[in-house]
Colleague: 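The structure follows.
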There are 2 protein chains.
Amino acid sequence: MSKELTITQQKILDFIIEKRATGKIPTLAEIAGHFGYRNRSTVRQHLQALERKGYIKRNPNVSRGIELLTEDKFFVPRPVLGEVAAGNPLTIYPDAIDTIELPTIARMPKDSFLLKVKGDSLKDAYIFTGDVVIVNPNTQPRNGQIVVAVLDDAAVVKRFYKKRNRIELHSENPEYEPIVIEKNYSGFKLVGVVIGVYRSMERKVG
Amino acid sequence: MSKELTITQQKILDFIIEKRATGKIPTLAEIAGHFGYRNRSTVRQHLQALERKGYIKRNPNVSRGIELLTEDKFFVPRPVLGEVAAGNPLTIYPDAIDTIELPTIARMPKDSFLLKVKGDSLKDAYIFTGDVVIVNPNTQPRNGQIVVAVLDDAAVVKRFYKKRNRIELHSENPEYEPIVIEKNYSGFKLVGVVIGVYRSMERKVG
DNA sequence: ATTTTTACCATACAAATGTATGGTATTTAG
DNA sequence: CTAAATACCATACATTTGTATGGTAAAAAT
């Protein structure tokens, strides 16, 4: 079907896929800049090759008009910043602990990030070990939303409830007691709101 | 914080959000074309207003350089084409039966669509009623992948296994017998491969 | 050995895109 | 009532972006 790609072509294709996942298809100039090319014609020729080999479709005279056609390439490695315990707190890691293959459909909103869930206290909310939660920081949670928070240098995923002078973090699983944080307690920091759960099907194949 | 938007501004913002979900931020010309404006300056002024009110950020001299800032507006209504029975087959609907609020992170690959899951035969794969599966058509499934197929005008979600002269569709749940389709049986049509499961957290709030 | 493909370059051009300025009419706010 | 914001228009311009053509050199294919 589709022919083999050269190393350069593959790199350019990967770059386009990666950029697309973060939001925007790059322009020829942006691709050229990334690879240090001094003009766009070089990029254009590689794109022509990619199109001829069936990996992309170019929309003539349309800015950022590259369409990706290779379904197998629709997965992008994305860093997972840490594991997050739905049950007992676990230490959060400063750097990426893992990389998952996230489909490009799951584009990350600005500043949002991924955490892999470990533990079972959210099983009643149908979140399981291995699922990836998409966390949106810089958003004020509403009562009842599932949030990620750092409590004494450990991360937790709980339902958020703001009361008068304290914040309560509830587990779905009744085995776990609600965590109560008094207002102004310095060991507590809200990380963000869980806006979605994604589970790739690719992992379970084979 | 952010000021109120006028109807026109809201419509333009919605249009940008919707377009972004399908892949690309629109250009001024594309926005103008959609609303019937005869020039781009009209659009530009609305964009300036949106930026002034804090809803977007414009990157000067960058094509399609609009960044969306309003996290609350990160949800796009998307049509759900039908319900899909993980257990016994259910009739598939010709038109959208429902609309869900999908976050724009869940951008749809070209031609892919959404189906809402109903039934429990996939509970062992942790897919539940109310979850939305993202279906990618035009892709040949590999053995073991979860597929959506139409069998005698009803839709099913099963694991796909291709054998010598037949196709087998397995449920995760052992209560359901595998469905065996002889090759060339005309009542069978593969719809697509389930590439992911998405569950919005927004629904469970309140 | 020769041709084709690949991988770059430079320059020029056209189309798309964003920008700037000024105009008219209507609606909203003070 | 008056000023400001809104909602369009037209025209002109600058920049970005994609396109076209031609060139050099090396690697791969025939």
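Here is the naming used below: chain letters follow the sequence lines, and residue numbers restart at 1 for every chain. Reckoned from all heavy atoms, side chains included, excluding hydrogens, waters and symmetry mates.
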Colleague: Scan nucleotides 23-30 of chain D against the protein and return all N/O pairs shorter than 3.5 Å with their distances rounded to 0.1 Å.
Modeller:
none

Colleague: Which one, dA12(D), dT17(D), dC8(D), comes nearest to the side chain of R64(A)?
Modeller: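 In terms of side-chain proximity for R64(A), the closest of dA12(D), dT17(D), dC8(D) is dT17(D).
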Colleague: Can you name the residues that form a side-chain hydrogen bond (donor to acceptor under 3.5 Å, both in side chains) with Q48(B), not counting sequence neighbours?
Modeller: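 Counting only residues at least two positions away or on another chain, Q48(B) forms no side-chain hydrogen bond (donor to acceptor under 3.5 Å, both in side chains).
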Colleague: Using five base pairs at each end to define the local axes, how bent is the helix from dA1(C)-dT30(D) to dG30(C)-dC1(D), to the nearest 10°?
Modeller: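 The value is 40°.
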Colleague: Listed by chain and number, what are the side chain to side chain contact (heavy atoms under 4.5 Å, CB included) partners of R38(B), not counting sequence neighbours?
Modeller: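 Partners of R38(B) by the side chain to side chain contact (heavy atoms under 4.5 Å, CB included) criterion come out as none, since no residue qualifies.
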Colleague: Between C1' on dA5(D) and CG on L5(B), what's the gap in Å once rounded to a whole number?
Modeller: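 Answer to the nearest Å: 14 Å.
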Colleague: The criterion is side-chain hydrogen bond (donor to acceptor under 3.5 Å, both in side chains); which residues satisfy it with K57(A), sequence neighbours excluded?
Modeller: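 Listed in chain order: N59(A).
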Colleague: Considering residues at least two apart in sequence or located in another chain, which fulfil the side-chain hydrogen bond (donor to acceptor under 3.5 Å, both in side chains) criterion with N165(B)?
Modeller: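 N165(B) satisfies side-chain hydrogen bond (donor to acceptor under 3.5 Å, both in side chains) with no residue once adjacent residues are dropped.
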Colleague: Rounding to an integer number of Å, can you tell me how far L47(A) CG sits from dT17(D) C1'?
Modeller: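 Whole-Å distance recorded here is 12 Å.
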Colleague: At the 4.0 Å heavy-atom cut-off to chain A, mark where contacts on DNA chain C begin and end, going 5' to 3'.
Modeller: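 Using the under 4.0 Å cut-off, the span is dT6(C) to dT17(C).
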Colleague: Can you name the side-chain hydrogen bond (donor to acceptor under 3.5 Å, both in side chains) partners of R64(B), sequence neighbours left out?
Modeller: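 R64(B): side-chain hydrogen bond (donor to acceptor under 3.5 Å, both in side chains) contacts with S63(A), E30(B).
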Colleague: Applying side chain to side chain contact (heavy atoms under 4.5 Å, CB included), name anything that partners K11(A), two or more places apart in sequence or on another chain.
Modeller: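 I7(A), F35(A).
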Colleague: Please tell me if R52(B) has a side-chain N or O lying less than 4.0 Å from either OP1 or OP2 of dT6(D).
Modeller: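 Affirmative; the distance criterion is met.
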Colleague: Tell me, please, which residues at least two apart from N184(A) pass side chain to side chain contact (heavy atoms under 4.5 Å, CB included).
Modeller: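 In terms of side chain to side chain contact (heavy atoms under 4.5 Å, CB included), with neighbours along the sequence ignored, N184(A) is linked to no residue.
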Colleague: My understanding is that only residues two or more places apart in sequence, or in another chain, count here; which of them pass ring pair (Phe, Tyr, Trp, His ring centres under 6.0 Å) with F160(A)?
Modeller: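 If we apply the ring pair (Phe, Tyr, Trp, His ring centres under 6.0 Å) test to F160(A), skipping adjacent residues, there are no hits.
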Colleague: Test of understanding: with side chain to side chain contact (heavy atoms under 4.5 Å, CB included), list the residues that count as partners of T8(A), not counting sequence neighbours.
Modeller: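 T8(A) satisfies side chain to side chain contact (heavy atoms under 4.5 Å, CB included) with T6(A), I12(A), Y37(A), H46(A) only.
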Colleague: Look at all strands and tell whether N39(A) reaches a base, only sugar-phosphate, or nothing, counting heavy atoms closer than 4.0 Å.
Modeller: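 Base contact - N39(A) has a heavy atom under 4.0 Å of at least one base atom.
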